[in-house]
Amino acid sequence: MKKVLLVEDDYILAMVHRKYLEIIGCEVIDSVACGEEAVQSALKNNPDFILMDIRLEGDMDGIEAMIEIQKKSNISVIYVTGNSEPATFEKASKTNMKGFLIKPLHLEDLKEIVDKI
């Protein structure tokens, strides 16, 4: 069972994403809403991967959080975003990105990426 850190600042979406992860056989070891908490949780809990929203509460977005995490760890990330701008994708691709999914998240797309991690 893969351990996942869920990073999403919308409570309803966090619940939906948690359910999707559980359906495909993952264990959500923590769920946080901001980049700073994501960094702390990732380094403390060492998940197999992070399901990361890009726009988050606070001063640090999801990509910036991953850059900080990857200074100390090589944890993989699947980004989930409502922003399909090429510049966002390009910035995200400089991290250990395994997937880039546009909201709304589809279970089949998530499963396909998770199966490759």
Side-chain angles (χ1 to χ4, degrees):
M1 180 175 286
K2 293 179 177 138
K3 300 182 304 177
V4 185
L5 168 59
L6 175 58
V7 185
E8 172 61 65
D9 62 352
D10 180 303
Y11 179 76
I12 301 296
L13 288 178
M15 296 296 291
V16 171
H17 295 171
R18 174 185 289 270
K19 188 67 177 167
Y20 281 2
L21 289 162
E22 291 170 352
I23 287 169
I24 62 174
C26 295
E27 176 189 1
V28 177
I29 57 172
D30 198 6
S31 181
V32 299
C34 72
E36 295 82 1
E37 290 176 335
V39 173
Q40 292 171 356
S41 180
L43 297 177
K44 176 184 169 199
N45 295 306
N46 195 31
D48 295 312
F49 71 94
I50 301 170
L51 186 64
M52 175 81 78
D53 186 14
I54 291 180
R55 289 191 182 145
L56 297 169
E57 293 177 359
D59 296 330
M60 183 182 290
D61 72 20
I63 298 170
E64 293 164 342
M66 279 312 300
I67 290 168
E68 288 304 308
I69 291 164
Q70 291 177 341
K71 288 178 180 176
K72 298 179 180 168
S73 175
N74 64 347
I75 299 168
S76 300
V77 63
I78 299 171
Y79 289 109
V80 182
T81 185
N83 181 354
S84 59
E85 297 280 322
T88 302
F89 180 83
E90 185 177 327
K91 184 178 174 188
S93 67
K94 294 177 180 164
T95 63
N96 191 13
M97 180 178 76
K98 300 299 182 191
F100 190 89
L101 300 171
I102 304 300
K103 293 178 183 177
L105 188 61
H106 298 281
L107 182 61
E108 304 80 24
D109 297 335
L110 179 61
K111 182 177 182 344
E112 183 179 325
I113 295 169
V114 170
D115 285 347
K116 295 176 184 174
I117 294 177

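Count residues from 1 along the sequence.
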Legend entry - Least distance between heavy atoms, Ala38 atom then Ile69 atom: O-CD1, 3.9 Å
Inset, instruction - Starting at CD of Glu27, measure out to CZ of Arg18 and round the result to the nearest 0.5 Å. - result: 9.5 Å
Inset, instruction - List in chain and number order the residues that pass side chain to side chain donor-acceptor pair (under 3.5 Å) with Glu68, two or more places apart in sequence or in another chain; answer none if no residue qualifies. - result: Lys71
Legend entry - Side-chain touch Asp53/Asp10, heavy atoms, less than 4.5 angstrom: no
Inset, instruction - Hey, could you give me the NE2/CD distance between His106 and Glu112, rounded to the nearest 0.5 Å? - result: 13.0 Å
Legend entry - ILVMFWY network linking Met52 to Phe100, side-chain heavy atoms under 4.5 angstrom: yes
Legend entry - Side-chain heavy atoms of Val32 within contact of Leu5, under 4.5 Å: yes
Inset, instruction - Look up atom OG in Ser93 and atom CD1 in Ile63, then write down how far apart they are to the nearest 0.5 Å. - result: 8.5 Å
Legend entry - Partners meeting side chain to side chain contact (heavy atoms under 4.5 Å, CB included) with Gln40 (sequence neighbours left out): none
Inset, instruction - Report the distance from atom NZ of Lys94 to atom CE of Met66, rounding to the nearest 0.5 Å. - result: 15.5 Å
Inset, instruction - State whether the number of non-hydrogen atoms from other residues, nucleotides or ligands found under 6.0 Å of Lys3 atom NZ is greater than 12. - result: yes
Inset, instruction - Write down the atom of Ala14, the atom of Ser31, and the distance for their closest heavy-atom approach. - result: CB-OG, 4.4 Å
Inset, instruction - Give the minimum heavy-atom separation between Asp9 and Ala33, together with the two atoms involved. - result: CB-O, 3.3 Å
Inset, instruction - Could you identify which residues cluster with Leu21, counting Ile, Leu, Val, Met, Phe, Trp and Tyr as linked when any side-chain heavy atoms lie under 4.5 Å apart, either directly or through a chain of such contacts? - result: Val4, Leu6, Val16, Tyr20, Ile23, Ile24, Val28, Phe49, Leu51, Ile78, Val80, Leu101, Leu105, Leu107, Leu110, Ile113, Val114, Ile117
Legend entry - Nearest-0.5 Å distance that lies between atom CD in Glu57 and atom CD in Glu8: 9.5 Å
Inset, instruction - Check whether the side chains of Thr88 and Tyr79 place a donor and an acceptor atom closer than 3.5 Å, and report yes or no. - result: no
Inset, instruction - Please name all residues satisfying salt bridge (charged side-chain N to carboxylate O under 4.0 Å, His left out) with Asp61, sequence neighbours left out, ordered by chain then number. - result: Lys91
Inset, instruction - State plainly whether one hydrophobic cluster holds both Leu56 and Ile67, where clusters connect Ile, Leu, Val, Met, Phe, Trp and Tyr through side-chain heavy atoms under 4.5 angstrom apart. - result: yes
Legend entry - Partner set under salt bridge (charged side-chain N to carboxylate O under 4.0 Å, His left out) for Asp59, not counting sequence neighbours: none
Legend entry - Heavy-atom closest contact (Ser41 atom, Asp30 atom, distance): OG-OD2, 2.6 Å
Legend entry - Heavy-atom neighbours of Lys111 NZ exceed 12 at 6.0 Å: no
Legend entry - Other cluster members, Met15 - Ile/Leu/Val/Met/Phe/Trp/Tyr, side-chain contacts below 4.5 Å: Tyr11, Ile12
Legend entry - Sub-4.5 Å side-chain heavy-atom contact between Val39 and Met60: yes
